[in-house]
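Given the structure is predicted, the values throughout are model-derived calculations rather than measurements.
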Amino acid sequence: MAKRALITGVTGQDGAYLAKLLVEKGYKVYGGYRRTSTRNFWRLHYLDVKKDIELIPMDLIDQTSILMALRKSDPHEVYNLAAQSFVGASFDEAISTGEISGLGVTRMLDSVRFYNPSIRFYQASTSEMYGATPPPHNEDSMFRPQSPYAAAKLYGHWVTGNYRTGYKMHASSGILFNHESPIRGVDFVTKKITDTVARIKMGYSKELNLGNLDAHRDWGFAGDYVEAMWLMLQQSQGDDYVVATGECHSVREFCEAAFSRVGLNYRDYVKVKDEFKRPLEVPSLLGDATKAREKLGWKPKVTFGELVQMMVDADMEKYQNPTKHSEQFLKHM
Ligand code: NAP
Ligand code: GDD
């Protein structure tokens with residue numbers, strides 16, 4: 001009999017990649033999504049996986065909807081990917097970020113404990129929890145969150161550990177460093193850069209306005225990172241794991257690589273604007289994924305250079321073939 005998995009946040013970047021991976025592994029996949037005024041399944045179509053999964057409406061603010069989703073899917077594994085995941089927005093919407101990305105984790109854990117405590121649970125923790133702690137970061141590094149998002153995620157991270165030790169649940173946290181892809185949300189700096197590079201190349205935009213160009217991040221490919229999530233739930237016990245490439249680059253370096261992919265010099269187009277700077281910044285994140293490598297046998301496949309090229313090429317293709325993309329969009333409505 002096929003294993004069953006419930007993914008919360010299936011309409012997001014990681015949700016779509018994880019759904020694809022689990023379908024390929026023979027799982028029956030249920031995807032939790034929240035109702036929005038405009039349908040939001042484009043990533044699932046982009047990866048051609050919507051037809052293979054069953055969608056269940058659920059919201060991390062609504063405990064009953066979580067219990068109903070568990071009853072409907074009766075899963076062996078739950079991957080809690082749903083969150084208000086944009087650090088910048090968490091300064092403007094601190095309370096709802098805490099409700100969803102923090103308390104939402106407890107609602108999930110309590111629901112699982114109530115419905116069937118033998119379900120294996122994955123929590124999407126984040127390198128943002130390290131915040132002001134200087135790199136490199138591993139599972140023992142100190143957490144010093146620098147945003148309402150990171151504080152909410154740290155709460156969810158600790159609670160996941162509490163349920164693991166207190167209630168003996170198979171609950172794991174993946175402390176994932178930044179991971180990107182062609183279906184990354186356009187608010188995030190990598191996608192904002194690659195999308196604007198393509199727009200500039202096509203003549204639709206003249207400049208790229210950014211905040212702190214000196215921030216450093218350990219950027220990997222989302223398709224590689226969802227494999228680590230699955231591996232965590234295949235272990236005999238739950239645990240915490242850092243997932244990262246072990247290489248970090250600045251926003252400036254990302255710009256340089258992205259513009260040069262289309263034969264342009266970033267210095268001619270990038271402008272620094274205060275409106276894109278944050279009240280608090282995380283200057284540098286760099287992960288040490290030794291534990292994931294040794295215990296899970298996980299390592300990243302896509303390099304920084306390949307990631308930038310993949311994202312720029314996908315955005316160029318989107319603007320060069322607008323008919324194909326608008327037809328696809330219409331099909332998904
Ligand atoms: P994403 O693209 O922003 O997706 C977030 C998902 O959560 C979306 O499906 C969103 O639904 C859903 N969601 C938001 N609020 C919800 C609510 N109240 N109830 C139910 N669903 C809700 O994020 P991602 O990049 O895939 O990241 C997945 C998870 O990993 C997140 O928890 C994120 O914080 C964490 N994480 C990400 C990274 C990274 O670099 N990508 C690194 C570390 C940790 P809508 O589509 O309706 O908005
Ligand atoms: N978004 C954005 N927009 N970021 C900018 C900009 C801009 O115009 N200009 C500079 N930056 C800097 C940010 O200040 C930050 O230091 C860095 O670029 C990366 O920003 P994001 O791409 O928004 O990602 P993040 O690192 O804040 O958060 C992402 O990674 C976390 C894991 O470390 C998100 O995916 C989080 O959900 C995730 O937990």
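- Between R35 and D59 there is no salt bridge, since no side-chain nitrogen of the basic residue lies less than 4.0 Å from a carboxylate oxygen of the acidic one.
- One hydrophobic cluster holds both I200 and V189 under the rule that ILVMFWY side chains link at heavy-atom gaps under 4.5 Å.
- When all heavy atoms are compared, the tightest approach of V226 to G223 is CG2-O, 3.5 Å.
- Under the 30°/60° scheme for interplanar angles, the aromatic rings of F304 and F254 are found to stand perpendicular.
- Between W298 and V243 the shortest side-chain heavy-atom distance falls below 4.5 Å.
- The backbone N or O of T11 sits less than 3.5 Å from a side-chain atom of R43, completing a donor-acceptor pair.
- Contact check for I183 versus W42: side-chain heavy atoms found under the 4.5 Å cut-off.
- Note: T106 OG1 to N162 CG = 9.0 Å, rounded to the nearest 0.5 Å.
- Side-chain atoms of Q13 and H179, non-hydrogen and from C-beta on, do get closer than 4.5 Å to each other.
- Atom OG of S250 is separated from atom CG of N212 by 9.5 Å, given to the nearest 0.5 angstrom.
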Could you go through E247 and T303, starting from their C-alpha distance and side-chain angles, then the distance that decides it, and tell me whether this counts as side-chain contact (heavy atoms from CB on, under 4.5 Å)?
CA-CA 9 Å; E247 213 183 279; T303 65; 6.0 Å; no
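- Remark: side-chain polar atoms of H157 are not paired, donor with acceptor, to backbone N or O of G174 under 3.5 angstrom.
- Residues Q235 and L296 form a side-chain contact, since some pair of their non-hydrogen atoms from C-beta on lies under 4.5 Å apart.
- Side-chain N or O atoms of T194 include none that pairs as donor or acceptor with a backbone N or O of V312 at under 3.5 Å.
- The minimum heavy-atom distance between A19 and V10, with the atom names listed, is CB-CG2, 4.2 Å.
- Side-chain contact between S147 and R278: absent, with no pair of heavy atoms (C-beta onward) separated by less than 4.5 Å.
- Summarising the geometry of A5 relative to L22, their closest heavy-atom pair is CB-CD1, 3.7 Å, with the distance given to 0.1 Å.
- At a threshold of 4.5 Å between non-hydrogen side-chain atoms, the residues K191 and E180 do not count as touching.
- Other residues, nucleotides and ligands place no more than 12 heavy atoms under 6.0 Å from the NZ atom of K206.
- At distances below 3.5 Å, at least one donor-acceptor pair connects side-chain atoms of S141 with backbone N or O atoms of N138.
- When hydrophobic residues (I, L, V, M, F, W, Y) are linked wherever their side-chain heavy atoms come within less than 4.5 Å, the members clustered with V242 are M129, Y130, F143, L154, W158, I175, F177, V282, L285.
- Between the OH atom in Y204 and the CE atom in M202 there is a gap of 4.5 Å [rounded to 0.5 Å].
- Not a single ring pair (Phe, Tyr, Trp, His ring centres under 6.0 Å) links F276 to another residue, sequence neighbours left out.
- No path of Ile, Leu, Val, Met, Phe, Trp and Tyr side chains, each step under 4.5 Å between heavy atoms, connects V186 with M310, placing them in separate hydrophobic clusters.
- Counting non-hydrogen atoms of neighbouring residues, nucleotides and ligands closer than 6.0 angstrom, the CE atom of M68 reaches no more than 12 such neighbours.
- Rounding to the nearest 0.5 Å gives a distance of 6.5 Å between NZ of K192 and CG of L208.
- Taking CD of E93 as the start and OG of S101 as the end, the distance is 10.5 Å to the nearest 0.5 Å.
- Think of V78 as one node in a network of Ile, Leu, Val, Met, Phe, Trp and Tyr side chains linked at under 4.5 Å; its network also takes in L6, Y30, I56, M58, L60, I61, I66, L70, I100, L103, V105, M108, L109, V112, Y115, I119, F121, Y155, V159, Y163, Y167, M169.
- In the hydrophobic clustering of this structure, L233 groups with I53; members are Ile, Leu, Val, Met, Phe, Trp, Tyr whose side-chain heavy atoms approach within less than 4.5 Å, directly or through other members.
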Let's go through Y149 and F91 carefully: what are the C-alpha distance in whole Å and the side-chain angles of both, what is the deciding distance for side-chain contact (heavy atoms from CB on, under 4.5 Å) to 0.1 Å, and is it a yes or a no?
CA-CA 8 Å; Y149 166 78; F91 289 99; over 6 Å; no
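- Not one N or O on the side chain of E281 forms a donor-acceptor pair closer than 3.5 Å with the backbone of K277.
- For the residue pair S111/Q63, the side-chain donor-acceptor check at 3.5 Å is satisfied.
- Taking Ile, Leu, Val, Met, Phe, Trp and Tyr as hydrophobic and joining them when side-chain heavy atoms fall under 4.5 Å apart, one finds F188 in a cluster with F86.
- A distance of 12.0 Å separates CZ of R34 from OG of S65, quoted to the nearest 0.5 Å.
- Here the side chains of Y27 and E77 are in contact, with some heavy-atom distance below 4.5 Å.
- Between K50 and F41, the shortest heavy-atom contact is CE-CD1, 3.6 Å.
- Side-chain atoms of K153 come within 3.5 Å of backbone atoms of A124 as a donor-acceptor pair (strictly under, hydrogens ignored).
- Residues satisfying the salt bridge (Lys or Arg N to Asp or Glu O under 4.0 Å) test with D214, not counting sequence neighbours, are R252.
- A salt bridge does not link E253 with R217: every distance from a Lys NZ or Arg NE/NH1/NH2 to an Asp or Glu carboxylate oxygen is 4.0 Å or more.
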Could you walk me through whether F221 and Y17 pass the side-chain contact (heavy atoms from CB on, under 4.5 Å) check?
CA-CA 10 Å; F221 171 52; Y17 276 104; 3.7 Å; yes
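- Crowding of E24 atom CD: a count of heavy atoms from other residues, nucleotides or ligands under 6.0 Å exceeding 12.
- Cluster membership for V308 and L286, using ILVMFWY side-chain heavy atoms within less than 4.5 angstrom, is not shared.
- E294 and K299 are not joined by a salt bridge, as no carboxylate oxygen comes within less than 4.0 angstrom of a charged side-chain nitrogen.
- Residue S172 comes nearest to G238 through the heavy atom pair OG-CA, 3.2 Å, listed as atom of the first residue, atom of the second, then distance.
- Shown here for L210 and C255, the closest heavy-atom pair between the two residues is CD1-SG, 3.6 Å.
- Side-chain contact annotation: S90 with Q84, donor-acceptor N/O pair under 3.5 Å absent.
- A distance-only check finds no donor-acceptor pair linking the side chain of R261 to the backbone of E256 [under 3.5 Å].
- D224 places no side-chain N or O within donor-acceptor distance of the main-chain N or O of P300, the cut-off being under 3.5 Å.
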Apply side-chain contact (heavy atoms from CB on, under 4.5 Å) to residues M311 and I193 and explain how you reach the verdict.
CA-CA 9 Å; M311 292 178 70; I193 295 169; over 6 Å; no
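- A donor atom on one side chain and an acceptor atom on the other are found under 3.5 Å apart for N321 and E317.
- Tested against D239 for a side chain to side chain contact (heavy atoms under 4.5 Å, CB included), the candidates E139, M232, K291 yield a single pass: K291.
- Panel note: side chain D195, backbone A198; no donor-acceptor pair is recorded below 3.5 Å.
- Salt bridge annotation for R199-D315: absent, with no cationic side-chain nitrogen under 4.0 angstrom from a carboxylate oxygen.
- Under the side chain to side chain contact (heavy atoms under 4.5 Å, CB included) test applied with K28, the options K3, M1, H76, R4 reduce to a single match, R4.
- Aromatic ring centroids of W230 and Y79 lie 6.0 Å or more apart.
- Hydrophobic clustering (ILVMFWY, side-chain heavy atoms < 4.5 Å, transitive): V87 and I95 are in distinct clusters.
- At a threshold of 4.5 Å between non-hydrogen side-chain atoms, the residues M229 and D14 count as touching.
- Cluster partners of F114, using a side-chain heavy-atom cutoff of under 4.5 Å among ILVMFWY residues and allowing indirect links, are L67.
- In this structure a side-chain-to-backbone donor-acceptor pair under 3.5 Å is missing from T245 to D218.
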